[in-house]
Engineer: 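A single structure is presented below for examination.
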Amino acid sequence: MNIEEISFQIIAAVGSARSLFIEAINEAKNGNFEKADEKIKEGHKIFNQGHKIHLKLISQEADENQKSVGFNLILMHAEDQLMSAESFGILADQFVDVYKKMSN
């Protein structure tokens, strides 16, 4: 598999995760906490898939016996999306907690 395909796998996974995190916040905002928790859990699971793919690339880059991954604009975009999704996950966890506390 080439670097572009791997990058698109990361983008697809973390993009789905980010969407789930946003959906979780909206569910919590509407008082649907069980559904919000499900979406958070699913989002973290899908995010971890993208993160594992990225970790393999980092390991490959660190292995002096492997060919360098090198610079690639699509990979850079994938990493940007990875970081964005991670931030959304952190914020979604916090927002859901705040909405839960506000409902009590």
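Residue indices begin at 1 and follow the sequence shown. What you see below is based on every heavy atom in this structure, not just the backbone, and it leaves out hydrogens, waters and symmetry mates.
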Engineer: Mind checking the CG-NE2 spacing from Leu82 to His54? Nearest 0.5 Å is all I need.
Structural biologist: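 It comes to 6.0 Å.
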
Engineer: Give, for atom CG of Leu75 and atom CD1 of Ile3, the distance between the pair rounded to the nearest 0.5 Å.
Structural biologist: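 Taking CG in Leu75 and CD1 in Ile3, the distance rounds to 5.0 Å.
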
Engineer: How about CD on Glu5, more than 12 heavy atoms from neighbouring residues, nucleotides or ligands closer than 6.0 Å, or not?
Structural biologist: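 Counting neighbours around CD of Glu5, more than 12 heavy atoms of other residues, nucleotides or ligands fall under 6.0 Å, so yes.
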
Engineer: Mind listing the closest non-hydrogen atom pair of Ala85 and Phe21 along with its distance?
Structural biologist: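 Heavy-atom minimum between the residues: O-CE1, 3.5 Å.
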
Engineer: Does the side chain of Lys100 come within less than 4.5 Å of Asp37's, by heavy atoms?
Structural biologist: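 When only atoms from C-beta onward are counted, Lys100 and Asp37 do touch, with a gap below 4.5 Å.
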
Engineer: Arg18 and Ser84: which non-hydrogen atoms are nearest, and at how many Å?
Structural biologist: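 The answer is NH1-OG, 3.5 Å.
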
Engineer: Minimum heavy-atom separation for Ser7 to Ala78, with atom names?
Structural biologist: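 Ser7 and Ala78 have their closest heavy atoms at O-CB, 3.6 Å.
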
Engineer: Apply side-chain hydrogen bond (donor to acceptor under 3.5 Å, both in side chains) to Asp80 and list each qualifying residue two or more places apart in sequence or on a separate chain.
Structural biologist: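 Here no residue qualifies.
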
Engineer: Tell me every residue that passes side-chain hydrogen bond (donor to acceptor under 3.5 Å, both in side chains) with His51, counting only those two or more places apart in sequence or in another chain.
Structural biologist: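 With neighbours one apart ignored, the set is empty.
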
Engineer: Which atom names give the shortest non-hydrogen contact between Ile46 and Ala13, and what distance separates them?
Structural biologist: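 Minimum heavy-atom contact is CG2-O, 3.0 Å.
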
Engineer: Do the side chains of Ile25 and Tyr99 get nearer than 4.5 Å, heavy atoms only?
Structural biologist: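 Yes, their side chains come closer than 4.5 Å.
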
Engineer: If you round to the nearest 0.5 Å, how far is CD of Gln81 from CZ of Phe8?
Structural biologist: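 Nearest 0.5 Å value for the CZ-CD distance: 11.5 Å.
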
Engineer: When rounded to the nearest 0.5 angstrom, what distance separates CG in Asn26 from CD1 in Ile22?
Structural biologist: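 If we round to the nearest 0.5 Å, Asn26:CG and Ile22:CD1 are 8.0 Å apart.
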
Engineer: To check you understand the geometry: which heavy-atom pair defines the closest contact between Glu42 and Leu20, and what is its length?
Structural biologist: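 Taking every non-hydrogen atom into account, CG-CD1, 3.7 Å.
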
Engineer: Determine the minimum heavy-atom distance between Ala24 and Ile40, stating which atoms define it.
Structural biologist: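 Looks like CB-CG1, 3.5 Å.
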
Engineer: Using a 6.0 Å cut-off, check whether atom NZ of Lys41 has over 12 heavy atoms from anything other than its own residue.
Structural biologist: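 No, NZ of Lys41 has 12 or fewer neighbouring heavy atoms, counting only those of other groups under 6.0 Å.
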
Engineer: Roughly how far, to the nearest 0.5 Å, is the NZ atom of Lys35 from the CG atom of Asn30?
Structural biologist: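 Rounded to the nearest 0.5 Å, the CG-NZ separation comes to 11.0 Å.
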
Engineer: Are there over 12 heavy-atom neighbours, none belonging to Phe47, within less than 6.0 Å of that residue's CZ?
Structural biologist: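 Atom CZ in Phe47 is packed in, count exceeds 12.
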
Engineer: Any side-chain heavy-atom pair from His77 and Ile11 closer than 4.5 angstrom?
Structural biologist: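 Yes, at least one pair of side-chain atoms sits under 4.5 Å.
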
Engineer: Rounded to the nearest 0.5 Å, how far apart are NZ of Lys29 and CE of Met102?
Structural biologist: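 Rounded to the nearest 0.5 Å, the NZ-CE separation comes out at 10.0 Å.
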
Engineer: Please check if the side chain of Asn72 supplies one atom and the backbone of Ile74 the other of a donor-acceptor pair under 3.5 Å.
Structural biologist: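 Confirmed, Asn72 side chain pairs with Ile74 backbone.
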
